[in-house]
Amino acid sequence: MSGSSSVKARKIVAILSGLFGEIPWWLGNADEVMIGAILTQQTRWENVEQALLRLKNDNLATMTAIHAADPVKMEESVRCTGFYHIKTQRLKSLAAHVMDTYGAVERMVSVPTAKLRAGLLSVHGIGEETADSILCYGFSRTSFVVDAYTERIVRCAGIPGKKSGLKEMFEAVLPDDPFAYRQTHAHIVEYAKRFCAKKRCDECQIAILN
DNA sequence: GACCAGGTCCTTG
DNA sequence: CAAGGACATGGT
């Protein structure tokens with residue numbers, strides 16, 4: 001962890017915090033966050049909200065319900081998020097893991113973060129971003145979420161040769177506070193979505209760090 | 001019509 | 001390990 005990278009990471013956090021202040025982001029109970037985390041894979045959030053509404057209408061917005069649900073029925077609600085077949089499978093797998101391992105979502109709140117994370121990662125279709133999103137926003141854990149936007153903003157900031165280790169880099173810089181973790185990831189997404197083009201970095205103030 | 005979206009897994013070189 | 005393709009609908 002070179003000092004230079006940490007300094008820039010700190011600056012990113014501070015700049016974005018000043019830019020956005022407190023913003024509401026990804027609110028919802030643990031069940032909804034888990035469902036949303038899978039549905040939002042490679043998909044716009046607005047579409048996920050639609051699917052979530054449909055699932056709620058059918059009383060399918062809980063792990064318990066999904067565990068017992070007809071997959072074909074679920075696909076109707078989830079279709080608008082794309083990859084609907086595979087996502088239905090992933091929701092089923094997650095529900096099975098939760099119910100078989102813990103018996104209920106509420107039981108998960110007393111499980112240590114590392115153990116919770118390992119369990120989530122063992123589910124087929126749940127990778128690091130999805131697992132950390134669930135931990136951070138669903139269970140209020142200090143597990144930093146790294147996504148495509150995080151990689152973009154880091155590139156804009158000129159942090160050298162960082163393809164991996166971003167999670168650790170930000171965690172080393174953030175206070176031990178779940179709220180800070182939630183806000184910082186939210187800030188990064190909102191900023192990068194607007195200013196960090198996929199390939200270039202035009203009009204991006206983060207580039208000032210260079 | 002082309003391109004992209006708050007990923008993950010599998011297959012190749 | 002890095003890179004490329006599959007998974008799929010909906011918006012710009």
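No hydrogens, no waters, no symmetry mates; every other heavy atom, side chains included, goes into these values. Reminder, nothing fancy here: chain letters follow the sequence lines and each chain counts from 1.
Residue contacts shown for A:Y149 are limited to sugar-phosphate atoms, with no base heavy atom under 4.0 Å away. Within 4.0 Å (heavy atoms only), A:R44 reaches at least one base atom of the nucleic acid. Among the protein residues, A:E46 comes within range of no part of the nucleic acid, since none of its heavy atoms lies under 4.0 Å from any strand. In this structure, A:E129 reaches the sugar-phosphate backbone alone: every heavy-atom distance under 4.0 Å involves primed, P, OP1 or OP2 atoms, never a base. Among the atoms of the strands shown, none is found under 4.0 Å from any heavy atom of A:I38. Across all strands, A:H185 comes closer than 4.0 Å to no nucleic acid atom at all (heavy-atom distances). Residue contacts shown for A:T81 are absent, as no nucleic acid heavy atom lies under 4.0 Å away.
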Before you tell me yes or no, could you show the steps for A:R90 and A:F83 under side chain to side chain contact (heavy atoms under 4.5 Å, CB included), namely the whole-Å CA-CA distance, both residues' side-chain angles and the distance that decides it to 0.1 Å?
CA-CA 11 Å; A:R90 289 175 180 182; A:F83 305 130; over 6 Å; no

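If you take CG of A:L94 and P of B:dT8, they are 13 Å apart, rounded to a whole angstrom. The CZ-P distance, from A:R194 to B:dC4, rounds to 20 Å in whole Å. Rounded to a whole Å, the CD atom of A:E128 is 12 Å from the C1' atom of B:dG7. Straight-line distance from the NE2 atom of A:H124 to the C1' atom of C:dA6: 12 Å, rounded to whole Å. Rounded to a whole Å, the CG atom of A:D147 is 17 Å from the P atom of B:dC4. Taking atom CD on A:Q41 and atom C1' on B:dC9, their separation rounds to 11 Å, with Å as the unit.
Aromatic ring pairs are classed by plane angle as parallel below 30°, tilted from 30° to 60° and perpendicular above 60°; the pair A:H187 and A:F20 is parallel.
A donor and an acceptor atom, one from each side chain of A:T130 and A:Q41, are located under 3.5 Å apart. A donor atom on one side chain and an acceptor atom on the other are not found under 3.5 Å apart for A:R107 and A:T101.
Comparing B:dT8, C:dC7, C:dG10 against the side chain of A:C80 picks out C:dG10 as the nearest.
Between A:A51 and A:T81, the shortest heavy-atom distance links the atoms CB-CG2, 3.6 Å. Considering all non-hydrogen atoms of both residues, A:P71 and A:T88 come closest at O-CG2, 3.7 Å. Nearest heavy-atom pair across A:I66 and A:K92 is O-NZ, 2.9 Å.
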Secondary structure of DNA chain B per the Watson-Crick/G-U criterion (both distances under 3.5 Å; [ ] crossing, | other strand, . unpaired) is .||||.|||||||

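Looking at which nucleotide of DNA chain B each of A:L121 and A:T43 is closest to, the 5′-most match is held by A:T43. In terms of position on DNA chain B, the residue among A:T40 and A:G125 whose nearest nucleotide sits closer to the 5' end is A:T40.
Of the P atoms belonging to B:dC3 and C:dA6, the separation is 16 Å, rounded to the nearest Å.
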